[in-house]
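These notes concern the structure reproduced below.
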Amino acid sequence: MSDKFIYLDNAATTKTSPEVFEAMKPYFSELYGNPSSIYAFGGKAKAVVEEAREIIADSIGAKTNEIYFTGGGSESDNWAIIGAAEAYKSKGRHIITSKIEHHGVLHTCKYLEKNGYEVTYLNVDEKGFVDIEELKRAIRPETILITIMYANNEIGTIEPVAEIGRIAKEHGILFHTDAVQAYGHIPINVDNENIDMLSASAHKLNGPKGIGFLYIRKGVKIGSYIHGGGQERSRRAGTHNVPGIVGFGKAAELALSNMEDRIKKQTELRDYFIKRVTEEIKYVRINGDLTKRLPNNINVCFRFIEGESMLILLDMNGICASSGSACTSGSLDPSHVLLALGLPHEIAHGSLRITLSQETVKEDLDYVVDKLKEIVDRLRSMSPLYEDFVQKEER
Ligand SMILES: *Cc1c(COP(=O)(O)O)cnc(C)c1O
């Protein structure tokens with residue numbers, strides 16, 4: 001085992017930053033009041049919840065009464081989609097999404113299909129972009145919702161959200177976007193991009209786990225998701241997760257304050273890694289687009305390699321990475337995202353996702369590329385398929 005520890009799976013989750021943790025602490029201990037209480041002790045908690053709401057609303061160009069705190073990205077996705085389906089069913093029962101959504105969206109759509117709704121799953125091109133013409137053709141009079149992610153969690157492709165928003169608006173259809181990977185990483189503006197609902201989650205931007213928000217544009221009539229008390233304008237009942245909300249607000253504030261620098265730094269590191277891997281390792285394929293891409297995302301397929309074996313050997317060298325999304329690992333099926341790009345099974349199996357943090361430095365990436373070269377050589381040297389391939393190449 002290695003004494004190194006290099007965490008490069010920041011699309012799965014991030015470290016709660018020390019400033020965020022410090023900001024949260026008092027709300028577990030001395031300031032434990034319930035924000036819904038009448039006395040001043042509860043009022044203090046209410047004030048910090050509202051401060052966090054303001055930071056978050058500002059960060060996407062929304063109003064505070066359009067931000068609803070939830071238990072995370074998956075809950076926000078479920079609420080947006082099921083809520084819209086129920087509220088607008090008298091208009092129609094057709095929903096449009098894409099084949100590369102997170103399971104929080106895809107499985108919610110599957111659930112609705114079992115309950116009398118029809119869902120169109122749009123194809124993507126070889127870079128992972130939704131086809132705008134196909135989207136236009138998919139729209140029907142009974143379409144009530146378009147839900148397309150802002151940026152993909154596996155390959156980092158940033159979708160043409162503003163264009164999708166404009167089309168949805170022209171047709172009077174609600175537009176929801178799962179922005180869990182994008183929020184806090186790249187600029188978002190719900191008005192410029194005609195977004196009606198947006199999901200985000202704190203633990204993807206150095207905030208705590210189990211807290212997210214759903215932005216719901218004023219006038220969108222989706223109903224309550226958790227029934228109970230009057231919290232969150234009675235639309236999402238349950239005592240506020242005060243430490244979580246405070247942490248989310250702090251994480252958003254920090255993420256927004258250094259976004260430009262972070263984008264620049266991460267983009268450089270990302271492109272450096274991609275350059276080294278493509279120049280120094282044979283038979284690789286970079287998945288996703290090279291520029292319309294999250295600054296911290298790298299996704300590469302190595303031919304003749306099993307992704308799982310590669311991850312285990314990386315782990316033995318102190319490197320945490322992923323073969324796709326954390327939610328699908330453990331199953332032997334290749335990622336639905338890579339298959340949607342049109343990759344054959346055997347290539348999709350050899351994928352590696354590296355997602356940078358704001359602490360990642362060039363030396364980390366050099367170490368990873370050096371180890372990868374050894375690992376790829378070693379695994380290929382054991383592969384009969386590779387041996388056949390090389391012999392054919394040499395002939
Ligand atoms: C992580 C993630 C989610 C789920 O968020 P949780 O807060 O973990 O429930 C949803 N969508 C995308 C794109 C994600 O990356």
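Just follow the structure's listing: the first ligand is 1, and inside any ligand the first atom is 1.
Counting the atoms of ligand 1 from 1 in the order shown, those under 4.0 Å from a heavy atom of H203 are 6 (P), 7 (O), 8 (O). Below 4.0 Å from some heavy atom of G73 lie the following atoms of ligand 1, by number and element: 5 (O), 6 (P), 7 (O), 9 (O). Atoms of ligand 1 found under 4.0 Å from any heavy atom of K204, numbered from 1 in the order shown, are 1 (C), 2 (C), 3 (C), 14 (C), 15 (O). Those atoms of ligand 1 with a heavy atom of S74 less than 4.0 angstrom away are 4 (C), 5 (O), 6 (P), 9 (O). Below 4.0 Å from some heavy atom of S201 lie the following atoms of ligand 1, by number and element: 6 (P), 7 (O). Within ligand 1, counting atoms from 1 as listed, the ones closer than 4.0 Å to a heavy atom of G72 are 7 (O).
Annotation: D178 places an N or O atom under 3.5 Å from an N or O atom of ligand 1; distance criterion only.
Using a 3.5 Å distance cut-off with no hydrogens or angles, the side chains of R236 and Y225 do not pair a donor with an acceptor.
The main-chain N or O of V284 is never found under 3.5 Å from a side-chain atom of R303 such that the two would form a donor-acceptor pair. A donor-acceptor contact shorter than 3.5 Å is absent between the side chain of Y27 and the backbone of N241. Using a distance-only test at 3.5 Å, with no hydrogens or angles considered, no donor-acceptor pair links the side chain of E280 to the main chain of V277.
With respect to the salt-bridge test (charged N to carboxylate O, under 4.0 angstrom), the residues K362 and E268 do not qualify.
E193 places none of its side-chain heavy atoms less than 4.5 Å from the side chain of F175.
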